[in-house]
There are 2 protein chains.
Amino acid sequence: MSNQNLYNPHVSVDCVVFGFDGEQLKVLLIERSINEQNELYNDKKLPGSIILNDEDLDEAASRVLTELTGLKNIYLSQFRSFGGPDRTKNPRDILWLENTTQLKIGRIVTVAYVALIKIDRKIQVKNDNTQANWCNLNEVATMNLAFDHAKIINKGLEYIRHNLDIEPHLLFELLPRKFTISQLRSLYDTVHQTTSDVRNFHKKVAQWTYVVALDEVEEGVPHRAARLYKYKK
Amino acid sequence: MSNQNLYNPHVSVDCVVFGFDGEQLKVLLIERSINEQNELYNDKKLPGSIILNDEDLDEAASRVLTELTGLKNIYLSQFRSFGGPDRTKNPRDILWLENTTQLKIGRIVTVAYVALIKIDRKIQVKNDNTQANWCNLNEVATMNLAFDHAKIINKGLEYIRHNLDIEPHLLFELLPRKFTISQLRSLYDTVHQTTSDVRNFHKKVAQWTYVVALDEVEEGVPHRAARLYKYKK
DNA sequence: TTTGAATAGTGTATATTATACAATAAGAAA
DNA sequence: TTTCTTATTGTATAATATACACTATTCAAA
């Protein structure tokens with residue numbers, strides 16, 4: 001157990017990373033393979049890990065996200081901790097934890113973060129056999145997820161739904177640098193679970209001083225091209 | 001170290017309990033005495049404790065609050081975790097922790113909760129030398145507080161300021177069962193840091209279907225008595 | 001080159017909600 | 001009866017949100 005002085009095996013961080021493909025919200029999940037009695041078992045998990053001993057929680061979340069996805073300088077918001085005594089009781093999860101950490105694992109309390117990122121950012125695995133993929137949010141319910149990660153994703157979604165009202169700026173983390181009003185409206189409606197009127201939405205955006213029109217239109221569409229806008233804080 | 005199998009000394013919960021005395025917000029703090037080199041040192045801390053091994057975080061928060069204040073059936077909302085590696089580095093705090101828990105203490109990540117309660121609820125210490133008191137929020141900055149509890153209180157305050165907009169119902173946890181519109185307005189303005197117009201506030205409250213007028217007026221005031229209202233969910 | 005298909009872009013009338021503002025009512029105390 | 005203190009109430013105006021439908025532009029196909 002050589003990691004003993006490096007890692008704190010009682011606390012972890014998990015990152016719920018949301019993206020938007022123009023139609024729906026997606027969440028970034030890591031493929032996990034477990035060799036269980038010589039049968040290979042595959043499922044998915046959130047990017048996360050136990051924390052280092054000398055590391056703050058926010059630092060741990062950033063580090064873990066970079067290690068597992070290559071993503072750097074991502075704005076992460078802590079939204080909730082999960083610590084039910086049963087969350088690390090599944091034998092498959094324990095097996096995987098002890099294999100990957102080389103530590104004896106008891107109960108782990110996890111501190112969960114959300115991040116919103118542009119979906120076209122390169123997700124590059126740096127080291128081993130981990131593989132990160134975008135998954136449709138509405139398929140999460142039907143997938144096999146490690147630990148209580150399905151619950152964590154749902155709570156993360158709730159969190160951004162409430163907090164984008166307070167922080168509308170976060171929306172733009174999910175859009176390309178240049179975007180159309182249609183894209184913005186589609187995202188807005190997806191997050192807020194509304195269907196807003198096209199004209200009224202244009203009026204609303206017109207008052208957002210941080211959305212500025214560019215002298216460009218989109219290209220390669222088989223119809224009238226829409227004007228492009230950018231976000232300026 | 002007989003508590004070893006009972007307590008998890010790596011994770012704690014802390015409760016930021018707010019009350020309202022009609023004029024300002026108050027927070028419930030526990031007196032702490034530390035015998036440091038034969039000098040008695042006094043300061044204050046939030047009601048909190050390390051968690052039990054078989055206990056969920058929410059359960060731990062309820063238990064701790066009951067143990068330290070006698071309060072039961074309090075609605076607690078988890079709002080944030082604090083886990084900087086330095087938060088349990090103050091020798092005085094370590095001394096106190098090891099004395100009270102009889103455990104070797106390293107780093108502790110704490111999960112913080114807020115609660116809002118009626119200030120006239122009886123706070124009764126059940127066991128030992130702990131003593132809980134209401135403290136004015138605006139004096140917290142000038143007091144000596146354990147660990148990072150000053151920071152936790154501030155974040156808790158931020159949390160209720162944001163979340164009472166979403167959950168106006170929580171406001172009524174802070175008022176007596178029967179209250180006047182003045183009291184409600186005073187609380188509302190204190191929390192939201194506003195000064196609202198009397199007439200407009202009456203109109204606003206009139207549309208809150210969950211605030212119902214009683215057939216009673218307040219008593220013992222040296223002027224026209226105000227009508228009493230109650231909260232009905 | 002004309003036509004159709006697809007999406008972009010725009011204005012006005014109405015309803016709802018928020019704000020500003022001051023005089024009267026009620027009860028207690030002198 | 002007067003005075004003091006707080007409670008209670010309405011109206012006019014401004015700001016914001018909503019409902020609603022036609023014309024514009026571009027590409028592609030006939």
Side-chain angles (χ1 to χ4, degrees), chain A residues 20-24 161-162 164-168 171 175-231, chain B residues 20-24 161-162 164-168 171 175-231:
Chain A
F20 181 67
D21 67 359
E23 301 229 318
Q24 58 182 317
R161 290 220 157 108
H162 287 134
L164 287 183
D165 298 333
I166 299 163
E167 277 289 349
L171 268 191
L175 287 174
R177 205 164 53 79
K178 299 174 182 179
F179 53 86
T180 67
I181 300 290
S182 269
Q183 289 175 309
L184 178 56
R185 185 166 58 88
S186 164
L187 170 59
Y188 183 95
D189 281 345
T190 300
V191 171
H192 291 83
Q193 296 180 293
T194 52
T195 51
S196 52
D197 177 82
V198 184
R199 274 174 293 190
N200 293 336
F201 191 80
H202 272 263
K203 274 185 288 187
K204 188 203 299 268
V205 171
Q207 333 203 107
W208 291 353
T209 55
Y210 45 86
V211 172
V212 299
L214 298 173
D215 226 6
E216 293 175 68
V217 293
E218 59 181 346
E219 283 173 19
V221 287
H223 52 74
R224 177 176 176 183
R227 170 166 236 127
L228 290 172
Y229 292 76
K230 71 170 183 181
Y231 169 70
Chain B
F20 181 67
D21 67 0
E23 300 230 319
Q24 58 181 317
R161 291 221 155 107
H162 286 133
L164 286 184
D165 298 333
I166 299 163
E167 277 289 348
L171 268 192
L175 288 174
R177 206 164 52 79
K178 300 175 181 180
F179 52 85
T180 67
I181 300 289
S182 270
Q183 289 175 311
L184 178 57
R185 184 165 61 89
S186 165
L187 170 58
Y188 184 94
D189 281 345
T190 301
V191 172
H192 290 83
Q193 298 180 291
T194 52
T195 51
S196 52
D197 177 82
V198 185
R199 274 174 291 190
N200 292 336
F201 190 79
H202 271 263
K203 273 184 289 186
K204 189 203 299 269
V205 171
Q207 336 204 103
W208 291 352
T209 55
Y210 45 87
V211 173
V212 299
L214 298 173
D215 225 8
E216 292 175 69
V217 293
E218 59 182 347
E219 284 172 18
V221 288
H223 53 75
R224 177 177 176 183
R227 169 168 236 126
L228 290 172
Y229 292 76
K230 70 170 184 179
Y231 170 69

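Atom set for the values below is all heavy atoms of this structure, side chains included, hydrogens, waters and symmetry mates excluded. Below, read A as the first sequence line, B as the second, and so on, with proteins coming before strands; counting in each chain starts at 1.
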## Note on the structure
Reading nucleotides 22-30 of chain D from 5' to 3' and marking B where a protein heavy atom lies under 4.0 Å of the base, S where only the sugar-phosphate is that close, and - otherwise, the string is --BBBS---

### Task
Only pairs at least two apart or in different chains count here, so list each salt bridge (charged side-chain N to carboxylate O under 4.0 Å, His left out) that has a residue in residues 180-204 of chain A.
none

### side-chain contact (heavy atoms from CB on, under 4.5 Å) involving A:Arg224 - partner list, sequence neighbours excluded
none

### Query
Residues in ring-ring contact (aromatic ring centres under 6.0 Å, His included) with B:Phe179, at least two apart?
B:Phe172

### Task
Mind calculating the distance between NE2 (A:His202) and P (D:dT16) to the nearest angstrom?
20 Å

### Query
Over how many whole Å does the gap from A:Leu214 atom CG to C:dA8 atom P extend?
16 Å

### Message
Output the rounded distance in Å from CG (A:Asp197) to P (D:dT16).
### Response
18 Å

## Note on the structure
The side-chain hydrogen bond (donor to acceptor under 3.5 Å, both in side chains) partners of A:Tyr231 (sequence neighbours excluded) come to A:His169

### Task
Kindly write out the residues that satisfy ring-ring contact (aromatic ring centres under 6.0 Å, His included) with B:Phe201, not counting sequence neighbours, or none if the list is empty.
B:Tyr188

### Task
Quickly work out the B:Arg199 CZ to D:dT9 C1' distance and round it to whole Å.
8 Å

### Query
Among residues 176-193 of chain B, which residues get a heavy atom nearer than 4.0 Å to DNA chain C?
none

### Query
How would you list, by chain and number, every residue that makes a side-chain hydrogen bond (donor to acceptor under 3.5 Å, both in side chains) with A:Lys178, sequence neighbours excluded?
A:Glu216

### Message
Suppose we screen for side-chain contact (heavy atoms from CB on, under 4.5 Å). Which residues come up paired with A:Ala213, at least two apart in sequence or across chains?
### Response
A:Arg227, A:Tyr229

### Query
Can you name the residues that form a side-chain hydrogen bond (donor to acceptor under 3.5 Å, both in side chains) with A:Ser182, not counting sequence neighbours?
none

### Message
Test side-chain contact (heavy atoms from CB on, under 4.5 Å) on A:Thr180 and A:Leu228; report intermediate values, then the result.
### Response
CA-CA 5 Å; A:Thr180 67; A:Leu228 290 172; 3.9 Å; yes

### Message
More than 12 heavy atoms of other residues, nucleotides or ligands under 6.0 Å from CD of B:Glu23: yes or no?
### Response
no

What's touching nucleotides 12-18 of chain C from the protein side, N or O pairs under 3.5 Å?
residue	atom	partner	partner atom	Å
C:dT12	O4	A:Lys203	NZ	2.7

### Task
Would you please name every residue forming a side-chain hydrogen bond (donor to acceptor under 3.5 Å, both in side chains) with B:Glu218, sequence neighbours left out?
none

### Query
Whole-Å distance between D:dA17 P and A:Lys204 NZ?
7 Å

